[in-house]
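First the structure, which I've put down as structure tokens, then a few questions once you've had a look.
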Amino acid sequence: MQSRLEEGKDPAALRISPSRPFPLRLLQFFLVFLVIGLGASFLSMYMIRHFGIQNVALVQSTFKPCFEQPVTIESWIWPPSSLLHTMNDTELFWRASFVPRIKSYPFKRTPKIAFMFLTKGPLPMAPLWEKFFKGHGKFYSIYIHSLPSYNADFPPSSVFYNRQIPSQVAEWGMMSMCDSERRLLANALLDISNEWFILLSESCIPLQNFSIVYRYISHSRYSFMGAVDEPGPYGRGRYDENMAPEINMSDWRKGSQWFEINRELAVMIVQDSTYYPKLKEFCIPHKCYVDEHYFQTMLTINTPRLLANRSLTYVDWSRGGAHPATFGKDDIKEEFFKKILQEQTCLYNNQPSSLCFLFARKFAPNALGPLLDIAPKALGI
């Protein structure tokens, strides 16, 4: 009988082996893993629904890249690379109000003067200021608050290039004017090297060279904010009793809008939430002009010992009217500057001085040519 089995094959190998039972321990492990997975899924959905997806993302944020840049002191002290940002005023003022509790700096710091220009648009005196700033780059910063619609066209070589800050409309006599000044201060405070802050307009000019200005301001024991207790209708007559108890009649002060203050006072102005609402509600045109009273009153209440109680900016009110005199090309003579620079008396660090003004306003655009001609001799610029 011919064999049905192929040659070399074991008949036992063709038998079907009975299936092994599934290991009980492996089945238990699988069930535990399934339960854990389902529990984690339900937990994630619960956290997303009740706490928001940001909280879940916190778990992922604990993972750091392999080549993360080290955090150094320079990352905290360098000024912003661009003055343009997306912070609103509330965010900006909050950020600018940060103050180190340790007074000494753990790095080399060159104190700077922040020159803050409050303008509508162009800076007609820019060529004169360019000469003033030349060669002193590490001792100053520049900030420009103009109308939001204005686009400056300064060349890259100009000290004013890309120095505009995010701005809003400022109306004469309204709180929006003080808002713009606080905005300038807040942006300047973001640079920790800025120690002194000067408010200027587009019609301002320097009366001294940069070295004299820097030495005068940096060696002063006081900040220069005029704050006078004026009894007449344009002083105490503008006070509203609704400002009490935060502001009493005896606290009420009036002074020039144009100031120079140190960093301590700049922070005080930016962080204020006590006097601002009172002035905004009860000091309104044409009864009251807030830019002549707000900072002057607030700083007199809080830090009178730090104020020289005068302005560094010369203004001529002798011609009368609601606005000071404007100087044109015909006014630019040596006798004009002799009157401002030599025929004045004031106190500097509690000592008599004839050097009382470092800046002056208001100068018309047509005065620029004569100013550039006379600047080397009359102003030392």
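When a residue number appears, it is its place in the shown sequence, counting from 1.
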Check: For residues Tyr161 and Asp153, is any side-chain donor paired with an opposing acceptor at under 3.5 Å?
Finding: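 There is no such pair (donor and acceptor under 3.5 Å, judged by atom type) between the side chains of Tyr161 and Asp153.
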
Notebook entry, point to check: Counting N and O atoms only, with roles assigned by atom type, does the side chain of Trp258 sit under 3.5 Å from a partner on the main chain of Leu312, one being a donor and the other an acceptor?
Noted result: no

Next item on the list: Indicate, with yes or no, if Ile381 and Ile217 share a hydrophobic cluster defined by side-chain heavy-atom contacts under 4.5 Å among Ile, Leu, Val, Met, Phe, Trp and Tyr.
Entry: yes

Notebook entry, point to check: Without hydrogens or angle criteria, can the side chains of Lys138 and Thr110 be said to hold a donor-acceptor pair below 3.5 Å?
Noted result: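 Side-chain D/A pair, Lys138 to Thr110: absent.
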
Margin query: Is it the case that the side chain of Asn248 and the backbone of Ala244 share a donor-acceptor pair, with hydrogens and angles ignored and the cut-off at 3.5 Å?
Written below: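 Checked: no pair found.
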
Margin query: For Trp172, I'd like to know if atom CH2 has over 12 heavy atoms of other residues, nucleotides or ligands within 6.0 Å.
Written below: yes

Notebook entry, point to check: Between Ser256 and Gln296, what is the shortest heavy-atom contact and its length?
Noted result: O-NE2, 3.0 Å

Notebook entry, point to check: Would you call Lys377 and Glu334 a salt bridge, taking side-chain N to carboxylate O under 4.0 Å as the test?
Noted result: yes

Check: Are Ser176 and Gln168 linked by a side-chain donor-acceptor pair shorter than 3.5 Å?
Finding: no

Notebook entry, point to check: Hey, does the side chain of Asp191 reach the backbone of Ala188 with a donor-acceptor pair shorter than 3.5 angstrom?
Noted result: no

Checklist line | Between Tyr276 and Asp179: side-chain donor-acceptor atoms closer than 3.5 Å | finding: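 Present: a donor and an acceptor within the cut-off.
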
Margin query: Minimum heavy-atom separation for Ile301 and Ile247, please, with both atom names.
Written below: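 Ile301 and Ile247 have their closest heavy atoms at CD1-CG1, 4.4 Å.
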
Item checked: Approximate separation, where rounding is to 0.5 Å, of Tyr143 OH and His145 NE2 -> 14.5 Å

Item checked: Met298 backbone acceptor or donor facing Asn302 side chain under 3.5 Å ->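 A pair under 3.5 Å: yes.
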
Notebook entry, point to check: Roughly how far apart are Asn187 CG and Phe197 CZ, rounded to 0.5 Å?
Noted result: 11.0 Å

Notebook entry, point to check: Looking at the rings of Tyr216 and Tyr348, which for Trp means the six-membered one, are their centres under 6.0 Å apart?
Noted result: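 Centroid separation for Tyr216 and Tyr348: below 6.0 Å.
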
Notebook entry, point to check: Does Arg238 use its side chain to pair, donor to acceptor, with the backbone of Ile284 at less than 3.5 Å?
Noted result: no

Next item on the list: Take atom NZ of Lys333 as the centre, draw a 6.0 Å sphere, and report whether it contains more than 12 heavy atoms from other residues, nucleotides or ligands.
Entry: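 Yes.
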
Checklist line | For the student: nearest non-hydrogen atoms of Arg183 and Leu92, plus distance | finding: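 That closest heavy-atom pairing would be CG-CD2, 4.0 Å.
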
Next item on the list: Quick one: pull up CG in Leu371 and CD1 in Ile205 and give me the separation to the nearest 0.5 Å.
Entry: 5.0 Å

Checklist line | Contact summary for Arg263 and Leu189, nearest pair of heavy atoms | finding: NH2-O, 2.7 Å

Note to self: Tell me the closest heavy-atom pair linking Asn162 and Leu83, and the distance in Å.
What the structure shows: O-CD1, 3.9 Å

Note to self: Closer than 3.5 angstrom, by distance alone: can the side chain of Gln344 be matched with the main-chain N or O of Lys339 as a donor-acceptor pair?
What the structure shows: yes

Check: Knowing that exactly one of Asn350, Asn262, Asn309, Asn349 qualifies, which makes a side-chain hydrogen bond (donor to acceptor under 3.5 Å, both in side chains) with Tyr222?
Finding: Asn350

Item checked: Side-chain ion pair, Lys254 and Asp229, N-O less than 4.0 Å ->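 A salt bridge is absent here (no side-chain N lies under 4.0 Å from a carboxylate O).
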
Next item on the list: Kindly state whether the ring of Tyr314 and the ring of Phe359 have centres lying under 6.0 angstrom apart.
Entry: no

Notebook entry, point to check: For Ser211, does its backbone N or O pair with a side-chain atom of Asn209 as donor and acceptor, under 3.5 Å?
Noted result: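 Yes, Asn209 side chain to Ser211 backbone: donor-acceptor pair under 3.5 Å.
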
Notebook entry, point to check: Taking the side chain from Asp240 and the backbone from Met243, do they hold a donor-acceptor pair closer than 3.5 Å?
Noted result: no

Next item on the list: Give a yes or no on whether a salt bridge exists between Glu230 and Arg253, defined as a side-chain N under 4.0 angstrom from a carboxylate O.
Entry: no

Margin query: Can you confirm if the NZ or CZ of Arg163 lies within 45° of the ring axis of Phe154 and under 6.0 Å from the centre of its six-membered ring?
Written below: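 So Arg163 doesn't make the cation-pi contact.
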
Margin query: For the residue pair Asn194 / Ser141, report whether a side-chain donor-acceptor contact shorter than 3.5 Å exists.
Written below: yes

Item checked: Phe115 ring center near Phe133 ring center (under 6.0 Å) -> yes

Check: Do other residues, nucleotides or ligands put more than 12 heavy atoms under 6.0 Å from the OH atom of Tyr234?
Finding: no

Next item on the list: Please indicate whether Glu343 has more than 12 foreign heavy atoms, meaning atoms of other residues, nucleotides or ligands, lying under 6.0 Å from its CD.
Entry: yes

Margin query: When you measure from the centre of the six-membered ring of Tyr105, is the NZ or CZ of Arg109 closer than 6.0 Å and no more than 45° off the axis?
Written below: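 Here Arg109 passes the 6.0 Å and 45° test against Tyr105.
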
Note to self: Donor-acceptor check, side chain of Glu281 to backbone of Lys278, threshold 3.5 angstrom: yes or no?
What the structure shows: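 Side chain of Glu281 to backbone of Lys278: no pair is present.
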
Checklist line | Phe336/Phe327 under ring pair (Phe, Tyr, Trp, His ring centres under 6.0 Å): CA gap, chis, key distance, verdict | finding: CA-CA 10 Å; Phe336 172 80; Phe327 306 113; 4.8 Å; yes

Checklist line | Separation between CG of Leu358 and OH of Tyr214, rounded to the nearest 0.5 Å | finding: 14.0 Å

Notebook entry, point to check: Is it true that atom NZ of Lys362 has more than 12 heavy atoms of other residues, nucleotides or ligands lying nearer than 6.0 Å?
Noted result: yes

Check: Step by step, would you call Trp129 with Phe117 a ring pair (Phe, Tyr, Trp, His ring centres under 6.0 Å)?
Finding: CA-CA 11 Å; Trp129 283 106; Phe117 290 85; 5.3 Å; yes

Check: Quick check: does any side chain N or O of Ser158 sit under 3.5 Å from a backbone N or O of Phe160, one acting as donor and the other as acceptor?
Finding: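 It does hold such a pair.
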
